[in-house]
Amino acid sequence: MATDDTYLHSMTQAPRFDNSFAALPEAFYTRQPARPVRAPELFAWNAPLAAELGLEEQTNRAEIFGGNLTPTWAAPLAQLYAGHQFGNFNPQLGDGRALLLGEVIGSTGQRRDIQLKGSGPTPYSRNGDGRAALGPVLREYLMSEAMHALGVPTTRALAIVTTGERVQRETAQPGAVLTRVAASHLRVGTFQIFAARRQLTELQTLYDYAVARHHPDAKDPLDFLNAVIAAQADLVAQWLSLGFIHGVMNTDNCTISGETIDYGPCAMMDTYHPDTVYSSIDQFGRYAYSNQAHVIVWNMAQLATALVPLMPDTDAAITAFTEAVHAMPARIEAARIRAFGRKIGIAKASLEDAPLIDDLLSRMAGGQADFTNTFRALGTAEAKDQFLDPSSYQDWEKGWRARIVSETEPEALMARSNPAIIPRNHRVEQAIQAAYSGDRAPFDALHAALAAPYAAPSDPALTRPPTADEVVPRTFCGT
Ligand code: AMP
Ligand code: MG
């Protein structure tokens, strides 16, 4: 917990480590060190994040964050969890290729997990090799750091270490280890595993831990559920407002903290369409762009179910939890309207503004408008050119102008709500392919531009949608 003395900790002091999860009973994890790799080399180091964590002085980076050296502050372990994958309950998952190294309390007093991903097999690897290919690691680094710069709660990326080993996927690919930083790695699935096994002592311990770490004001499991619901409702509304499609919203990829986690097959839309899906394994569009608002409610219902055994009166718990989950769609909708309101220059949009917002979105879908560039261009002469039929935009614009006359500074609000640059899928893919052939320049250029997404990037090509030849319509988990 962030106690008062942690606020005294400054960036120049030694980092404060405190491995609270490792102090929980053994039922929650398996302790083990990372499996060493052949030739660890530091590919990326997130210096600003390292400074925030007090890790800027960390030596032996390639060895530590490649898994060849266990630092004195670490207590490495693989966490146990379960989860619904595409709607089917998998009673046991767990970190199959990740290890929690430990927790650091950074310069802001915030406790954060330091996790290696791709660090070798664990007892939870099932048939996997425990490794990660460089491509998906680069994708996660770019996407999670872009989301952070866009102001979205997310896990962060501290380091990439290439391993000098190959991993076999569809083809043999260079291996890498990502160091992920998170408010915690507690997931809906962490609760599900102990509820499903009727391990009520562990469930209670986990609950107490999660309350203390993330939602300290929660007085009971209903409060706690509502706090997670509130965080996830805001999160998904932000995803929608950026055209972000997570791609694999399984309950094991859904955090208790409200941070975005697990950037496997995610992508951001170019041309707007509510049914857009990128993930190659999402055959039925369960996690399509516009389904995300429904799926998150379903996920919260699974959390609610897992919390029921903590309540003294089961029937009363079910009634109260059902009500909380049923209230979530309205919460998401309100957050969505507020977020899209800001994008069209309305500081405090209410449900009365929903028709104006949704009319624009439906014209964008019909007109094959680019999501990011249309919002960025609103009110300028270029906006209409985003639509197949410019008059479709012009019709909408009249009503919009009438609505925003009462707003004080709509242009300034729009400029800080509509990014100029997002990690477009074809650019992410180009950066990965170039890195595979030894050229890291596109990765570096994209990463640098994404750090200031609301400013016009120095290379305007990065703001352009893909040409027909450049479109990358599918993403792969790469696992
Ligand atoms: P994900 O779809 O990335 O959320 O992963 C689902 C589950 O599969 C988690 O338990 C992961 O730890 C596990 N997993 C994914 N990739 C691998 C891998 N290469 N080796 C072992 N386990 C893996
Ligand atoms: Mg996962």
Side-chain angles (χ1 to χ4, degrees), residues 28-30 32 34-35 37 67 76-101 113 115-141 143-144 154-155 157 163 165-193 196 232 245-257 259-267 277-283 286-287 295-296 299 302-303 475-479:
F28 294 94
Y29 51 78
T30 301
Q32 69 168 61
R35 181 174 295 187
V37 299
L77 56 85
Q79 290 180 318
L80 186 62
Y81 51 86
H84 277 92
Q85 299 179 300
F86 291 91
N88 303 307
F89 188 61
N90 190 326
Q92 201 217 283
L93 291 161
D95 291 334
R97 55 161 170 170
L99 288 174
L100 175 61
L101 282 189
D113 279 5
Q115 194 207 55
L116 300 185
K117 189 169 169 186
S119 46
T122 76
Y124 316 127
S125 298
R126 294 171 294 161
N127 298 321
D129 59 4
R131 293 299 185 189
L134 179 61
V137 165
L138 295 174
R139 174 177 290 271
E140 174 151 355
Y141 196 99
M143 295 299 297
S144 64
T154 176
T155 63
T163 62
E165 296 173 1
R166 299 238 142 214
V167 294
Q168 190 58 43
R169 298 294 181 258
E170 284 86 37
T171 56
Q173 295 179 26
V177 178
L178 177 82
T179 303
R180 177 159 74 183
V181 174
S184 87
H185 286 82
L186 301 182
R187 311 140 191 271
V188 171
T190 320
F191 282 83
Q192 286 183 287
I193 195 163
Q232 287 289 345
I245 303 164
H246 182 282
V248 60
M249 288 174 72
N250 295 336
T251 58
D252 53 302
N253 294 334
C254 183
T255 57
I256 297 304
S257 66
E259 285 184 343
T260 311
I261 196 169
D262 225 318
Y263 286 87
C266 69
V277 175
Y278 282 90
S279 171
S280 59
I281 56 168
D282 190 3
Q283 289 171 20
R286 179 180 171 89
Y287 302 138
V295 168
I296 195 62
N299 286 356
Q302 306 317 311
L303 176 63
T475 52
F476 301 88
C477 267
T479 53

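Quick note: numbers below take in every heavy atom, side chains included, and nothing from hydrogens, waters or symmetry partners. Starting from 1, each residue takes its place in the sequence as its number. Every number for a ligand or one of its atoms is a count from 1 in the order of the listing.
- Using modelled atom types, one finds no donor on one side chain facing an acceptor on the other under 3.5 Å when comparing Thr155 with Tyr263.
- Looking at Arg169, Arg97, Arg126, Gln92, it is Arg126 that brings a heavy atom closest to atom 13 (C) of ligand 1.
- Checked by atom type and distance alone, the side chain of Gln192 never pairs as donor or acceptor with a backbone atom of Pro91 at under 3.5 Å.
- The Mg ion (ligand 2) has Asn253 OD1, Asp262 OD2 as protein N, O or S atoms under 2.8 Å away.
- At a 3.5 angstrom cut-off on N or O pairs, Arg131 counts as close to ligand 1.
- Taken to the nearest 0.5 Å, the CG atom of Asp95 stands 9.5 Å off from the CD atom of Gln32.
- Which parts of ligand 1 touch Asp252 is read off a 4.0 Å heavy-atom cut-off, strictly below it: atoms 4 (O).
- Where the criterion is an N or O separation shorter than 3.5 Å, residue side chain and backbone included, Asp129 meets it with respect to ligand 1.
- For Gly175 against Val167, the heavy-atom pair with the smallest separation is CA-CG1, 4.3 Å.
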Stepwise, does the side-chain contact (heavy atoms from CB on, under 4.5 Å) test hold for Tyr287 with Asn250? CA-CA 9 Å; Tyr287 302 138; Asn250 295 336; 2.6 Å; yes

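- For the pair Asp129 and Arg35, the salt-bridge criterion is not met [side-chain N within less than 4.0 Å of a carboxylate O].
- Rounding to the nearest 0.5 Å places CD1 of Ile261 at 8.0 Å from NE2 of His246.
- At a 4.0 Å heavy-atom cut-off, ligand 1 does not touch Asn250 at all.
- Near Asn253, with a cut-off below 4.0 Å to any heavy atom, the atoms of ligand 1 are 4 (O).
- In this structure, Arg126 contributes its side chain and Leu93 its backbone to no donor-acceptor pair below 3.5 Å.
- Residue Val248 has no nitrogen or oxygen atom sitting less than 3.5 Å from a nitrogen or oxygen atom of ligand 1, judged on distance alone.
- In terms of heavy atoms, Asp113 sits closest to His185 at OD2-ND1, 2.8 Å.
- Within the model, atoms CG of Leu80 and CD1 of Ile193 stand 3.5 Å from one another, a figure rounded to the nearest 0.5 Å.
- Taking a 4.0 Å cut-off on heavy atoms, Gly130 registers as neighbouring ligand 1.
- Of the heavy atoms in Tyr124, none comes closer than 4.0 Å to ligand 1.
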